[in-house]
2 protein chains.
Amino acid sequence: MRNAEETKERILEAALEEFSSYGIAGARVDRIAKNAGCNKNLIYVYFENKETLFTTVLRKHLTRVYEEISFTPEDLPGYAAKVFDWAMTHPHIVRLMSWYSLEQKMDNITERTTARDKKIKAIMEAQKDGLVGTTFTPGFLLTAIMALATAWTPTHPFGPSHDPDAVKIPKETRDAIAKAISLIAKGEES
Amino acid sequence: MRNAEETKERILEAALEEFSSYGIAGARVDRIAKNAGCNKNLIYVYFENKETLFTTVLRKHLTRVYEEISFTPEDLPGYAAKVFDWAMTHPHIVRLMSWYSLEQKMDNITERTTARDKKIKAIMEAQKDGLVGTTFTPGFLLTAIMALATAWTPTHPFGPSHDPDAVKIPKETRDAIAKAISLIAKGEES
DNA sequence: ATGATGTAAACAACCAGTTAGTTATATCCT
DNA sequence: AGGATATAACTAACTGGTTGTTTACATCAT
């Protein structure tokens, strides 16, 4: 019963649930402690603040995502499908990212920007090699992929509420997204 | 100085700013009263409480949007461009919608669902008339349009942070979005 | 003078963060 | 081995400030 690492993990789990549901401002430290089955003070011992607890949770899951989802510039539709699958199976983390981008004070997490730069460069090279069309810029393509892949997440402002039936048939939606990205990545003329 | 309608309006203005910046949980009623230049109690006299004040602000601007942006099922790229322009010039309201979809207790505003149903039906008819391709369902097309059109908003989790240069050249981004929607709406085969 | 409009103060609940103290467990000494 | 001791893990209770909401009172227009 007296295991610091285990309690830290329980706190992080409860914090994910709490922050995902209520955001930073809406989250309650007492509730996190209760759901983690530990004393409130331990949260302040192991993690500095409410805010650093949040960023700790976010960073932890973000790095896990970067490891799980490999970027394939030569197969952008497949990448979009992978991101879609991940977003649909990990709605908590998508919510976490949404909260962060709204409540943020504009200090970006370094991991994200470096990961983004890598992808941009990879798309540029794929374009040079003729694997991806040059109708759109790498930045546009990447943003379009992420926007489409996460659009059907329960949290999205224009998501399931605009396409309620899609939630029941995720496979069809995934294929449609891949298809759409395929069209954009080729970028044929009209 | 003694004009109820005027003070109501000042409260709604200050509330928009406050809720857009901090969300429902993060917003402070004292700050709204201060920025509206009125007594805190008036907020409770004219609007029930914090939450109904929020929904009042949201509803007000949503109906305005529905009036301003006309839906053109025969020209989906043009509609996407219009939505993009609106999103870029009204970031507060986009943020308001984002907050709402995150903090929501899943009770949808009726105006939104009816407006959505109308658009879906319009796209269906456009497909029957051969004005829009049938590769994708109307719900998918509508969601894709909204997702792409709002993806470069400052608040989007994968927005400007994934495509920083796009913010400086909104016209190019708008045209790229229209082009992308054009490709999807045609839905040519590979 | 009466209802609409506005003000100041208070209130009760809440909440992030702290303090002081307790228990378990590992380490050291003999 | 076994008792003293130090330390890591944990707890209960408190603090000081904040916050949504209410109450009691003042002032203006008609």
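Computed from heavy atoms alone, side chains included, the values below leave out hydrogens, waters and symmetry copies. Small disclaimer: the values here were computed from a predicted structure and weren't measured. Below, chain A is the first sequence line, B the second, and so on; all start at residue 1.
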Salt-bridged, E18(A) to K50(A), with N to O below 4.0 Å?
-> no
Between dT18(C), dT21(D), dC15(C), which nucleotide has the shortest distance from any of its atoms to the side chain of D30(A)?
-> dC15(C)
Would you mind classifying the nucleic acid contact of A25(A) as base, sugar-phosphate or nothing, using non-hydrogen atoms under 4.0 angstrom?
-> nothing
If you check every side-chain atom of K50(B), which of dT21(D), dC10(D), dT22(D) has the closest atom?
-> dT21(D)
Can you tell me the distance, in whole Å, between the CG atom of N39(A) and the P atom of dT11(D)?
-> 6 Å
What integer distance in Å separates R31(A):CZ from dG17(C):P?
-> 15 Å
Are D117(A) and T114(A) linked by a side-chain donor-acceptor pair shorter than 3.5 Å?
-> no
Rounded off to whole Å, could you give me the OH-to-P distance for the Y44(B) and dT23(D) pair?
-> 13 Å
Euclidean distance, atom NZ of residue K34(B) to atom P of dT19(D) [Å, nearest integer] | 12 Å
One should read off an interatomic distance between R116(B) CZ and D163(A) CG, to the nearest 0.5 angstrom, of 8.5 Å
Check every atom of dT22(D), dA4(C), dA16(C) against the side chain of V29(A) and return the nucleotide holding the closest atom.
-> dA16(C)
Closest non-hydrogen atoms of A87(B) and T150(B), given as atom of the first, atom of the second and distance, are CB-CG2, 4.3 Å
Compare the minimum distances between each of dG17(C), dT19(D), dA9(D) and the side chain of N49(A), then state the nucleotide with the smallest one.
-> dG17(C)
Using 30° and 60° as the class limits, which term best fits the ring planes of Y100(B) and F54(B): parallel, tilted or perpendicular?
-> parallel
Return the polar atom pairs (N/O with N/O) between nucleotides 10-14 of chain C and the protein under 3.5 Å, or none.
none

Using atom CD of E51(A) as one end and atom C1' of dG17(C) as the other, report the distance to the nearest whole Å.
-> 14 Å
Salt bridge K8(B)-E5(B), side-chain N to carboxylate O under 4.0 Å = yes
Choosing from dG20(D), dA12(D), dC28(D), which nucleotide comes nearest the side chain of N41(A)?
-> dA12(D)
In whole angstroms, the gap separating C1' of dG20(D) from CD of E48(B) amounts to 13 Å
N/O (side chain, T7(B)) to phosphate O (OP1/OP2, dT5(C)) under 4.0 Å = no
Might you point out which heavy atoms bring L148(A) and A180(A) nearest each other, and give the distance in Å?
-> CD1-CB, 4.2 Å
Answer with base, sugar-phosphate or nothing: what part of the nucleic acid does A33(A) contact at a heavy-atom distance below 4.0 Å?
-> nothing
